[in-house]
Amino acid sequence: MPSKVDISKRSEVFNRAIFRIEEANLRHEKYDGTMSDEITRLSLDRGDSVAAVIHHTDTDEIVLVEQFRYSTYGKDTGWIMELPAGMVRDSERPEDSMRSELIEETGYTVLSLHHISTFYASPGGSSERIHLYYARVEASNKTSEGGGAEEENEDIKTIRMPLSQISLMLDTRQFADAKTVIGLQWVLLNKDHLHIF
């Protein structure tokens, strides 16, 4: 695998709220060992994020959230059902960010998180990675209402869906969010062994 990258210029061309765009002029090693011509690339840097498949073991349900996502509006209705998720805060471990997001969005306190995978959301244009987890909860773990943070203008509905319904919804393409599809497929592949995580 090629490994050499020469960056001749790098600059920030946009910075607003949680979005930062970097422009770089670079050459990279090609598979034949030569260097490419100089190219310009843009990268959206919004930091890393976290998401979790929450399995309510008392009822064998998956805890999902639904909220308005402006980026999907126009191509879809704007409201999307997905796994609870959020951004990794500066100097915070992804696991700690995930625990905070779960309380904020769903009201569940989770002590143990099993790391499923870390992957790039859209590597062609963004440096964001998603740290995906699995956790079990039961009724006693519900410590608050959830619903999101008012100061962040969040309006989040918590949905508990029977594990038996997840497969049908995946088959009929009712989930449009990649991290959710990945997480739910993992649960279905591991459903006979979830007790060990």
Side-chain angles (χ1 to χ4, degrees), residues 14 16-21 42-56 59-89 94 97-108 110 113-137 145-150 152-191 194 197:
F14 182 84
R16 186 169 176 189
I18 62 169
F19 298 105
R20 187 176 77 81
I21 299 176
L42 297 174
S43 178
L44 171 64
D45 179 8
R46 53 173 263 154
D48 284 351
S49 60
V50 290
V53 180
I54 305 303
H55 184 199
H56 197 296
T59 57
D60 203 24
E61 294 173 317
I62 300 298
V63 179
L64 299 164
V65 295
E66 185 177 75
Q67 61 187 307
F68 180 75
R69 297 291 201 182
Y70 174 70
S71 296
T72 70
Y73 182 70
K75 293 182 178 181
D76 210 326
T77 66
W79 279 266
I80 191 164
M81 194 179 338
E82 60 187 313
L83 298 177
M87 300 304 298
V88 176
R89 294 169 181 90
S97 294
M98 188 74 259
R99 285 184 183 90
S100 297
E101 289 293 337
L102 289 173
I103 292 169
E104 189 178 285
E105 293 188 5
T106 69
Y108 285 99
V110 174
L113 291 167
H114 170 75
H115 182 252
I116 296 172
S117 183
T118 297
F119 53 89
Y120 288 95
S122 183
S126 174
S127 63
E128 178 185 7
R129 294 177 304 172
I130 298 176
H131 302 271
L132 182 61
Y133 298 95
Y134 167 80
R136 292 188 309 262
V137 297
E145 286 300 311
E150 271 190 47
E152 296 175 18
N153 295 308
E154 291 180 329
D155 180 37
I156 298 172
K157 178 182 177 183
T158 301
I159 298 167
R160 288 173 40 181
M161 183 175 294
L163 190 55
S164 59
Q165 190 179 344
I166 294 293
S167 181
L168 175 64
M169 290 192 68
L170 284 168
D171 287 346
T172 55
R173 296 171 180 83
Q174 294 185 51
F175 295 106
D177 174 63
K179 69 184 178 300
T180 301
V181 172
I182 292 168
L184 295 177
Q185 287 178 336
W186 181 89
V187 165
L188 292 177
L189 286 171
N190 292 279
K191 66 182 177 182
L194 293 175
F197 298 111

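None of these values were measured; they are calculated from a predicted model.
- Residues satisfying the salt bridge (charged side-chain N to carboxylate O under 4.0 Å, His left out) criterion with Arg89, sequence neighbours excluded, are Glu92, Glu101, Glu104.
- With hydrogens and angles disregarded, a donor-acceptor distance shorter than 3.5 Å links the side chain of Thr180 to the backbone of Leu83.
- Aromatic ring orientation, Tyr133 versus His131: parallel (interplanar angle below 30°, classes split at 30° and 60°).
- When the shell of 6.0 Å around OH of Tyr73 is examined, it contains 12 or fewer heavy atoms from other residues, nucleotides or ligands.
- Sorted by first and then second residue, the pairs that involve residues 65-78 and meet salt bridge (Lys or Arg N to Asp or Glu O under 4.0 Å), not counting sequence neighbours, are Arg69-Glu82.
- The side-chain hydrogen bond (donor to acceptor under 3.5 Å, both in side chains) test applied to Ser126 returns no partner, not counting sequence neighbours.
- Between atom OH of residue Tyr108 and atom OG1 of residue Thr158 there is a gap of 7.5 Å, rounded to the nearest 0.5 Å.
- Once rounded to the nearest 0.5 Å, the distance linking OG of Ser43 with CD1 of Ile21 reads 9.0 Å.
- Closest of all the heavy-atom pairs between Leu102 and Pro84 is CD2-CB, 3.6 Å.
- The distance from atom CD1 of Ile80 to atom CG of Asp177, rounded to the nearest 0.5 Å, is 5.0 Å.
- Among pairs with a residue in residues 119-132, those fulfilling salt bridge (Lys or Arg N to Asp or Glu O under 4.0 Å) read Arg46-Glu128, Asp48-Arg129, at least two apart in sequence or across chains.
- For the side-chain hydrogen bond (donor to acceptor under 3.5 Å, both in side chains) test, residues two or more places apart in sequence or in another chain that qualify with Thr59 are His56, Glu61, Arg160.
- Between Ala51 and Ile130 the shortest heavy-atom distance is CB-CG2, 4.2 Å.
- Separation of atoms OG (Ser167) and CD (Gln185) is listed at 9.5 Å; rounding is to 0.5 Å.
- With sequence neighbours left out, the side-chain hydrogen bond (donor to acceptor under 3.5 Å, both in side chains) criterion links Thr106 to no other residue.
- Surrounding OH of Tyr120 are at most 12 heavy atoms belonging to other residues, nucleotides or ligands under 6.0 Å away.
- Taking the salt bridge (charged side-chain N to carboxylate O under 4.0 Å, His left out) definition, one finds that Arg20 meets it with Glu12, Glu22, Asp45, sequence neighbours left out.
- Residues Ala135 and Val110 approach most closely at CB-CG1, 3.4 Å, considering heavy atoms.
- Here His114 pairs with Trp186, Phe197 under the ring-ring contact (aromatic ring centres under 6.0 Å, His included) rule; sequence neighbours left out.
- If you take NZ on Lys179 and CD1 on Ile116, they are separated by 13.0 Å, rounding to the nearest 0.5 Å.
- Remark: Gln174 pairs with Thr172 by the side-chain hydrogen bond (donor to acceptor under 3.5 Å, both in side chains) rule, at least two apart or across chains.
- Contact of the Leu132 side chain with the Ile182 side chain is registered, since non-hydrogen atoms from C-beta on lie closer than 4.5 Å.
- We find the CG-CD1 distance between Leu64 and Ile156 to be 12.5 Å, quoted to the nearest 0.5 Å.
- The salt bridge (Lys or Arg N to Asp or Glu O under 4.0 Å) pairs that include a residue from residues 164-176 number zero, where partners must be two or more places apart or lie in different chains.
- For Ile103, the side-chain contact (heavy atoms from CB on, under 4.5 Å) partners are Thr109, Ser144, not counting sequence neighbours.
- Listed by chain and residue number, nothing satisfies the ring-ring contact (aromatic ring centres under 6.0 Å, His included) test with His55 (two or more places apart in sequence, or in another chain).
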